[in-house]
Amino acid sequence: MTQPLVLPRLKPLSPRKSATLCVLDIGCSKVVCLIARLEPVESSDALRGRTHRARILGIGHQRSRGVKAGVVVNMEEAEASVRLAVDAAERMARVQVESVIVANAGGRLSAACFQANVPIYGAGVTANDLHRVLEATALRTAQPGRSVLHSLPNGFSLDGASGIRDPRGMMGEKLGAQFHVVSADSAALRNLMLAIERCHLSVEAVVATPYAAGLSVLVDDEAQLGAIVLDIGGGSVSTGVFQDSKLVHADAFALGGRHVTMDIARVLNIPLRDAERLKTLHGSAIFSPSDERETLPIVQVAEDRDNPAHIPRAHLNRIIAPRVEEILELARDRLNAAGHPVAGRRVVLTGGASQLTGLPDAARRILGGQIRIGRPLGVQGLPDSAKNPGFAVAVGLLIYPQFSAGEYFEPGRSGVSAPVSKGYFGRMGRWLRESF
């Protein structure tokens, strides 16, 4: 069994200080690197949780190689793609990058809830009681072969009464805490981090793709009232459910826009690059009356490009529609099975593959919620070519440091001070933990 990988954790970002960050989104179709300056700002009504505004200094993106369904399958190709993207961003920003924040959509991304209770010995709940219950809950999150990406306290309970945000000073006998934990396979994370480290870069933090996408595209009211973010990438689809301004569910499965491209290439017997071009320029997830009358030229494998064949546009859309329906139905069924039904809820589509013509209409028919396309919000200096859903995750990585302080991991690594050990052996053990 693969040993759990203890991931690096971000240091708290001061709300009064500026910072320069580099983020890396390693997808199945492209690798995006952003270098940005985070500058303190006043709170916004639409984006109230943000303490900084990101100003892009450099951007680099390259075709992704060596990555399948969010997992590194060829180390040398993945390393080369990362090097090219980071180099382009460095040249534009005129800075040298040493560390990055990385997005992760692979490794069987999943979420679970954990809770624990501790007795209260004093007259009321104290800060020490909070620490004890958080520590007790954090110790339960360890799973064989899995590594924790996010550990988000979802609230407290007191003598069975739940929904308490801050129980300090309240009276009771038993204090409980509930955590929402997002995890992934340790082996997949190790290979992802190794590909980055081979580029002479250190990893500051690993962020789940649906969490980053939600931070990027949701306004405050959506996250508060409840919304589902569906990030449709090239090789995988990530889902994140937000409620009360918190991530309450995360999931991912290995289907995406590249599968649509491969269907077109197989059925029409054309090269993958031609299939991608057909899908992007002429494809649609829905049918229109004019599709039968409009014809498209195609050049099949090993055929003469000077004499292309012609097919009705309706034939292309008949290839695309079933795969799109499969992706949306699978996302719906997995959300329903997890206890987060889609019907009647706001759904925000993002990711490069969400730009397919007709996808919002197909989503309204299959998911039944309020559908919109999500684009990055609250960032300055982003080129027009990057102001689209395909860059939502990368921008979300720039926003994540403003929210990371609210997470609680294993004792001694969460920014909450552990109880002071008394005696010689206690001091010696603490010194060994802090030094090694």
Side-chain angles (χ1 to χ4, degrees), residues 1-9 69-71 103-118 130 132-157 160 162-165 175-190 192 205-215 223 226-231 236-254 330-342 345 400 403-404 406-411 413-414 416:
M1 181 68 69
T2 304
Q3 292 298 316
L5 173 67
V6 179
L7 298 173
R9 308 300 179 193
V71 177
N104 175 72
R108 296 189 301 132
L109 195 69
S110 66
C113 286
F114 297 87
Q115 59 183 7
N117 298 280
V118 297
L130 286 182
R132 288 192 300 115
V133 73
L134 289 173
E135 180 177 306
T137 311
L139 289 172
R140 294 190 172 192
T141 61
Q143 304 172 67
R146 306 281 293 178
S147 295
V148 175
L149 298 177
H150 305 288
S151 185
L152 303 161
N154 271 356
F156 298 92
S157 63
S162 59
I164 301 173
R165 296 199 174 193
L175 177 65
Q178 186 181 66
F179 274 39
H180 179 74
V181 175
V182 181
S183 64
D185 285 344
S186 297
L189 292 172
R190 280 193 174 93
L192 178 68
V206 182
V207 184
T209 292
Y211 191 23
L215 293 176
I228 297 171
V229 176
L230 210 60
D231 182 80
S236 63
V237 174
S238 303
T239 55
V241 181
F242 290 78
Q243 186 72 44
D244 295 329
S245 300
K246 297 177 182 178
L247 178 71
V248 297
H249 177 70
D251 189 19
F253 55 89
L330 184 56
R332 179 198 62 195
D333 294 345
R334 290 173 74 100
L335 284 166
N336 290 342
H340 300 282
V342 184
R345 304 183 70 171
Y400 171 73
F403 293 84
S404 62
E407 301 187 31
Y408 190 99
F409 296 95
E410 64 273 17
R413 294 184 59 87
S414 60
V416 179

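We count residues from 1, following the sequence as given.
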Margin query: Which residues pass the side chain to side chain contact (heavy atoms under 4.5 Å, CB included) test with Ala252, not counting sequence neighbours?
Written below: Leu109, Ser238
Margin query: Looking at every non-hydrogen atom in both residues, tell me the closest pair between Ala177 and Leu134 and how far apart they are.
Written below: CB-CD2, 4.5 Å
Check: Got a sec, which residues hit salt bridge (Lys or Arg N to Asp or Glu O under 4.0 Å) with Arg332, two or more places apart in sequence or on another chain?
Finding: none
Margin query: Here's a test for you: under side-chain contact (heavy atoms from CB on, under 4.5 Å), which of Thr239, Ile228, Asp333 qualifies with Val342?
Written below: Ile228
Checklist line | Test item: Val181 and His150 side chains (from C-beta on) under 4.5 Å apart, heavy atoms | finding: no
Item checked: Verdict with supporting geometry, Leu335 and His249, side chain to side chain contact (heavy atoms under 4.5 Å, CB included) -> CA-CA 9 Å; Leu335 284 166; His249 177 70; 4.0 Å; yes
Margin query: The criterion is side chain to side chain contact (heavy atoms under 4.5 Å, CB included); which residues satisfy it with Ala205, sequence neighbours excluded?
Written below: Leu10, Ile101, Tyr400
Notebook entry, point to check: About how many Å separate CZ of Phe179 and SG of Cys113, when rounded to the nearest 0.5 Å?
Noted result: 11.5 Å
Note to self: Just so I know, are the side chains of Asn336 and Pro341 near enough to count as touching, which here means a heavy-atom distance under 4.5 Å?
What the structure shows: yes
Item checked: Residues forming a salt bridge (Lys or Arg N to Asp or Glu O under 4.0 Å) with Asp251, sequence neighbours excluded -> Arg334
Notebook entry, point to check: Are Arg146 and Ser110 side-chain neighbours, meaning at least one heavy-atom pair lies under 4.5 Å?
Noted result: yes
Checklist line | With sequence neighbours excluded, residues passing side chain to side chain contact (heavy atoms under 4.5 Å, CB included) with Asn117 | finding: Ser157, Lys174
Notebook entry, point to check: Taking only residues two or more places apart in sequence or in another chain, which ones pass side chain to side chain donor-acceptor pair (under 3.5 Å) with Ser245?
Noted result: Gln224
Check: Between the side chain of Thr209 and the main-chain N/O of Asn104, is any donor-acceptor distance below 3.5 Å?
Finding: yes
Notebook entry, point to check: Excluding sequence neighbours, so at least two apart, what forms ring pair (Phe, Tyr, Trp, His ring centres under 6.0 Å) with His180?
Noted result: none
Next item on the list: State, with a plain yes or no, whether a side-chain heavy atom of Leu230 is found less than 4.5 Å away from one of Val237.
Entry: yes
Next item on the list: Let me see the working for Tyr211 and Leu149 under side chain to side chain contact (heavy atoms under 4.5 Å, CB included), right down to the final yes or no.
Entry: CA-CA 10 Å; Tyr211 191 23; Leu149 298 177; over 6 Å; no
Check: Going through the distances and angles, do Val248 and His340 end up as a side chain to side chain contact (heavy atoms under 4.5 Å, CB included)?
Finding: CA-CA 9 Å; Val248 297; His340 300 282; 3.9 Å; yes
Next item on the list: With sequence neighbours excluded, tell me which residues meet side chain to side chain donor-acceptor pair (under 3.5 Å) with Ser151.
Entry: none
Next item on the list: Check the pair Leu130 / Leu175 against side chain to side chain contact (heavy atoms under 4.5 Å, CB included), numbers first and verdict last.
Entry: CA-CA 8 Å; Leu130 286 182; Leu175 177 65; 4.2 Å; yes
Margin query: Give me the atom names and distance for the closest heavy-atom approach of Gln143 to Phe114.
Written below: NE2-CZ, 3.8 Å
Notebook entry, point to check: For Ala213, what residues pass the side chain to side chain contact (heavy atoms under 4.5 Å, CB included) criterion, not counting sequence neighbours?
Noted result: Val229, Asp231, Thr350, Val393
Margin query: Holding to salt bridge (Lys or Arg N to Asp or Glu O under 4.0 Å), I want the full list of residues that pass it with Arg345, two or more places apart in sequence or in another chain.
Written below: none
Item checked: Where Gly406 and Pro153 come nearest, the two heavy atoms and their spacing -> O-CD, 3.3 Å
